[in-house]
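See structure below.
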There are 2 protein chains.
Amino acid sequence: MNDQTSKIRLLIADDEHLIRGALEALLGLEPDIEVVASADNGVTAAELAREVQPDICLLDLEMPQADGLDAAKAILEHGSPRIIIVTRHARPGVLRRALAEQVAGFVPKSTPAGELANVIRDVAAGKRYIDPEIAAAALTAERCPLTDRELDALRSSRSTKSVQEIAEQLFLSPGTVRNYLSSAMAKLGASSRHEAADQAWQQGWI
Amino acid sequence: MNDQTSKIRLLIADDEHLIRGALEALLGLEPDIEVVASADNGVTAAELAREVQPDICLLDLEMPQADGLDAAKAILEHGSPRIIIVTRHARPGVLRRALAEQVAGFVPKSTPAGELANVIRDVAAGKRYIDPEIAAAALTAERCPLTDRELDALRSSRSTKSVQEIAEQLFLSPGTVRNYLSSAMAKLGASSRHEAADQAWQQGWI
DNA sequence: CGACACCCGTGACAAATGTCACGAGAATTC
DNA sequence: GAATTCTCGTGACATTTGTCACGGGTGTCG
């Protein structure tokens, strides 16, 4: 791939131009890193990755079109760069899914800026890097106690408002939906379905 | 203050270390800009501003402790730097409040990175800069149709869940609160108070 | 087989929520 | 002064929501 003398070839994807540009500037200062591509959404990130074959892809998790995990999946189908996910809200369940996708690095945006270059070097050297805070949270967080249908109901209840509509979406009777939501709320200790749906989302279960 | 030869003295405040560091790197590359202070919340930003007396303060809107507007207010009590607000979600109402605080610049994080330095120079030269997209949105957006009490109720309903608790917070009867929420929902075309509160927040009314 | 967990549905009930009609007070206008 | 409009407030009402108890069906595991 890249020998001792050549630079680490980096792709950056973030939908906020200001931040992407700033990251380019920050990392461009490093003598052993070269930014070879940048994108503002997951789809073009995947396309660019196929073209330029970078060593490392630095992907923001929250992006329009396709998020960081979608992009990682697409990228790994046509190449084998190392992937680092950057995120604002680090949720345990998301970390699990990221690791399932063979992601090599996972850092929150609260990471000190100086650290990032080191993480990139470590990952380029074949190591993996997981933010210790998030790792701890993911390990202490118990497994999702909800059943599949309960998760379906919660998912629908985030976008839809009335039980009727949720029932129609899932092809169920309204009573059943309320039962699922009720039991989910009981398991999560929430007092409204919105609260329960929020919690489930925070954990990365939906 | 600063004559032709001296650099623009800049304070940066953003709670995400990664972004703050990246911005420092980006702007540090400019020959006529010098980052003299940086903070990760509004309170320390205000304290630092009093100490180092920067020419320009670049404040993120979303910060813990005190947000960008709070910080701007505090800063302007003990000095007269020019303030630039940076934000992820640019809401029309927030722009209005920012202008009321004598803020000199208002840019979203979707601004191209190269632009930012130019904005800083313009503002340092005494001009004002408002992102055209947000300005247009703020001008087309009609004035808030809600009464003061309706706004109070919506504000409370974002943090509190039951009508009872909202009523206690506002020293009102539960029935009155429900009326305010109901009329607010009618005015906004929402079908639940959460939806209405969300809309009002999106517009920057609360 | 029995025990168990999950899926789907029903009916009934209390509490919370949203809607409505109505009234008191203040300000404006004729 | 009377009519009008606006805001703020109260109480009654139907609907929605969340809870509970129950039953039938399916598949898995010991």
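A, B, ... follow the sequence lines: proteins, then strands. Residue 1 opens every chain.
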Distance in angstrom units between [X] [atom1] and [N] [atom2], rounded:
{"X": "E150(A)", "N": "dG9(C)", "atom1": "CD", "atom2": "P", "answer": "15 Å"}
{"X": "D148(B)", "N": "dC8(D)", "atom1": "CG", "atom2": "C1'", "answer": "11 Å"}
{"X": "Y180(B)", "N": "dT7(D)", "atom1": "OH", "atom2": "P", "answer": "10 Å"}
{"X": "L181(A)", "N": "dC20(D)", "atom1": "CG", "atom2": "P", "answer": "15 Å"}
{"X": "M185(B)", "N": "dC20(C)", "atom1": "CE", "atom2": "C1'", "answer": "14 Å"}

Practice item. Give, ordered by number, those residues of residues 192-201 of chain A having at least one heavy-atom distance below 4.0 Å to an atom of DNA chain D; if nothing qualifies, reply none. Key: S192(A), R193(A)
Point to revise | S162(B) vs dA16(C): side-chain N/O to OP1/OP2 distance below 4.0 Å | key: no
Check your understanding: Counting only side-chain N and O atoms of T147(B), is one of them less than 4.0 Å from OP1 or OP2 of dC8(D)?
Key -> yes
Side-chain contact test, heavy atoms from C-beta onward, threshold under 4.5 Å: evaluate it for [X] versus [Y] and give yes or no.
{"X": "R82(B)", "Y": "C57(B)", "answer": "no"}
{"X": "S191(B)", "Y": "M185(B)", "answer": "no"}
{"X": "L95(A)", "Y": "I130(A)", "answer": "yes"}

Review point. Quick one: do D152(B) and R155(B) make a salt bridge, cutoff under 4.0 Å?
Key: yes
Check your understanding: Do D60(B) and K109(B) meet the salt-bridge criterion of a basic N to acidic O distance under 4.0 Å?
Key -> yes
**Study point:** Neighbours of DNA chain C within residues 163-179 of chain A, by heavy-atom distance under 4.0 Å
**Key:** L172(A), S173(A), G175(A), T176(A), N179(A)
Exercise for review: List in chain and number order the residues that pass side-chain hydrogen bond (donor to acceptor under 3.5 Å, both in side chains) with K127(B), two or more places apart in sequence or in another chain; answer none if no residue qualifies.
Suggested key: none
Study note, to complete from the structure: With sequence neighbours left out, the residues meeting side-chain hydrogen bond (donor to acceptor under 3.5 Å, both in side chains) with S182(B) are none
Check your understanding: Pairs in or reaching into residues 32-46 of chain B: which pass salt bridge (Lys or Arg N to Asp or Glu O under 4.0 Å), with residues at least two apart or in two chains?
Key -> D32(B)-R121(B)
**Study point:** Selected nucleotide, minimal atom distance to R149(A) side chain, candidates dT19(D), dC8(C), dG18(C)
**Key:** dC8(C)
Name every donor-acceptor pair, under 3.5 Å, that has one atom in a side chain of residues 11-18 of chain A and the other anywhere in the protein, sequence neighbours excluded.
unit_1: D14(A); atom_1: OD1; unit_2: E16(A); atom_2: N; d: 3.0
unit_1: E16(A); atom_1: OE1; unit_2: R88(B); atom_2: NH2; d: 3.3
unit_1: E16(A); atom_1: OE2; unit_2: R88(B); atom_2: NE; d: 3.1
unit_1: E16(A); atom_1: OE2; unit_2: R88(B); atom_2: NH1; d: 3.3
unit_1: E16(A); atom_1: OE2; unit_2: R88(B); atom_2: NH2; d: 3.2

